[in-house]
Amino acid sequence: MTARRLLLLGPPGAGKGTQAIRLANQLGIPQISTGDMLRAAVAAGSEIGKTAQAHMDAGELVPDHVVIGVAEERLGQSDATDGFILDGFPRTRAQAEALDGLLPKLGCKLECCIALTVDPEELVARLLKRAEIEGRADDNEKAIRTRMAVYEEKTEPLIDHYRAKSILALVDGLGEVDEVAVRITAALG
Ligand code: AP5
Ligand code: MG
């Protein structure tokens, strides 16, 4: 049976969101993107949004306690009981440990961590192209470089966290969206 409690890990522009939405539609489970939730909070002008905005615009991480609260609340909602695809959470060791503590309380565990790999120049090219289309506040060269450095320092080490749990699948994120989707499906078995 295909895993239904999944995590997509990868640098900015790796295709986490693109692939998470496809998988969510395919499997009939929600995509849980902390980035999307935080952007919605910024747009709504909520307290969380006010705390998050400057960090996000600079390409820095939003503080752990804020993001952990957002993710915990979302994972506790009824549509996530039958599975979920985490996109962009966890991103730090503290967040990964919080998730490790939360999932048993929800009566489930993570079944697969898909880590998408894409070389840095392709990432920058993808995000600058998206900047022209969508105008996301953090899709400028300075913030993109910061996001990539933050990924390497804080998030990439989580690959070993999930390798140690024997649930890691490294997937080449280069190529057409459809090709990457086929590789992910194959990795899920
Ligand atoms: P978040 O929204 O998660 O952004 P990100 O990690 O920087 O990644 P992106 O969403 O830019 O890329 P993606 O991997 O989803 O790729 P996508 O599919 O969009 O986080 C934003 C900010 O929120 C963070 O910097 C931080 O401040 C805060 N935040 C969020 N979560 C947090 C957390 N857990 N802790 C603390 N702070 C947090 O694709 C990118 C582009 O490439 C698109 O235009 C797409 O169409 C295109 N594309 C996708 N696949 C392909 C392909 N195969 N070939 C060509 N183009 C492609
Ligand atoms: Mg995304």
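We count ligands from 1, going down the list as the structure has it; atoms in each ligand are counted the same way. Numbering of residues begins at 1 and proceeds along the displayed sequence.
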Kindly list each side-chain donor-acceptor pair under 3.5 angstrom involving residues 141-148, sequence neighbours excluded, with atom names and distances?
{"from": "T146", "atom 1": "OG1", "to": "K142", "atom 2": "O", "distance (Å)": "3.1"}
{"from": "R147", "atom 1": "NH1", "to": "D138", "atom 2": "O", "distance (Å)": "2.6"}
{"from": "R147", "atom 1": "NH1", "to": "D139", "atom 2": "OD1", "distance (Å)": "2.9"}

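The distance from ligand 1 to the heavy atoms of G17 drops below 4.0 Å at these ligand atoms: 13 (P), 15 (O), 18 (O). For ligand 1, the atoms lying closer than 4.0 Å to a non-hydrogen atom of D138 are 21 (C). Shown in contact with P11 at under 4.0 Å from a heavy atom are these atoms of ligand 1, numbered in order with element: 14 (O). Within ligand 1, counting atoms from 1 as listed, the ones closer than 4.0 Å to a heavy atom of V177 are 50 (N), 51 (C), 52 (C), 53 (N). Near R39, with a cut-off below 4.0 Å to any heavy atom, the atoms of ligand 1 are 2 (O), 21 (C).
When the heavy-atom distances from atom 36 (C) of ligand 1 to V62, I133, L174, V66 are ranked, the shortest goes to V62. Taking each of M148, K16, Q95 in turn, the one with a heavy atom nearest to atom 8 (O) of ligand 1 proves to be K16. The residue among E60, M56, E179, R147 with a heavy atom at the shortest distance from atom 23 (O) of ligand 1 is M56. When R130, K129, M37 are ranked by how near their heavy atoms come to atom 44 (O) of ligand 1, first place goes to R130. For atom 33 (C) of ligand 1, the nearest non-hydrogen atom from the set H55, R91, R22, R126 comes from R91.
When only non-hydrogen protein atoms are considered, atom 53 (N) of ligand 1 lies nearest to G175 O, 2.8 Å. Atom 16 (O) of ligand 1 has its closest protein heavy atom at G15 N, 3.1 Å. Looking only at heavy atoms of the protein, atom 12 (O) of ligand 1 is closest to G13 N, 2.9 Å. Closest to atom 45 (C) of ligand 1, if we only count protein heavy atoms, is T18 OG1, 3.8 Å.
With contacts defined as side-chain heavy-atom distances shorter than 4.5 Å, the pair D87/T34 does not qualify. Counting only heavy atoms from C-beta outward, the side chains of L7 and I114 never approach each other to under 4.5 Å. You'll find the side chain of I85 stays beyond 4.5 Å of the side chain of I32, heavy atoms only.
In this structure, L75 and A80 approach most closely via the heavy-atom pair O-CB, 3.7 Å. Closest approach of K16 and G10 over heavy atoms only: NZ-O, 3.1 Å. The minimum heavy-atom distance linking P30 with A24 is given by the pair C-CB, 4.3 Å. The minimum heavy-atom distance linking A115 with L168 is given by the pair CB-CD1, 4.0 Å. For the residue pair L174 and R183, the shortest heavy atom distance occurs at O-NH1, 2.7 Å.
Between V180 and ligand 1, a contact under 3.5 Å exists for no N or O pair. For the pair V67 and ligand 1, the shortest N or O to N or O distance does not fall below 3.5 Å. Remark: ligand 1 and T34 share an N or O pair separated by less than 3.5 Å (distance only, no angle test). Distances between N or O atoms of G10 and those of ligand 1 include no value under 3.5 Å. Residue L38 has no N or O atom closer than 3.5 Å to an N or O atom of ligand 1.
Remark: distances from the non-hydrogen atoms of A14 to ligand 1 include one below 4.0 Å. Ligand 1 has no atom lying under 4.0 Å from any heavy atom of P90. Not a single heavy atom of P63 sits under 4.0 Å from any atom of ligand 1. Residue-ligand proximity: R136 is placed with a non-hydrogen atom under 4.0 Å from ligand 1.
Counting only distance, with no hydrogens or angles, the side chain of R4 and the backbone of I29 share no donor-acceptor pair below 3.5 Å. Without hydrogens or angle criteria, R91 side chain to G88 main chain gives a donor-acceptor distance under 3.5 Å. With hydrogens and angles disregarded, no donor-acceptor distance shorter than 3.5 Å links the side chain of Q53 to the backbone of K50. Of the possible donor and acceptor atoms, one in the side chain of T51 sits under 3.5 Å from a partner among the backbone N and O of E47.
Counting heavy atoms under 4.0 Å from ligand 1, residue L127 touches it through the side chain alone. Of the heavy atoms in Q19, none comes closer than 4.0 Å to ligand 1.
The pair D100-K165 counts as a salt bridge, with a side-chain nitrogen and a carboxylate oxygen less than 4.0 angstrom apart. Of the charged side-chain nitrogens involved, at least one lies within less than 4.0 Å of a carboxylate oxygen, so that R74 and D79 count as a salt-bridged pair.
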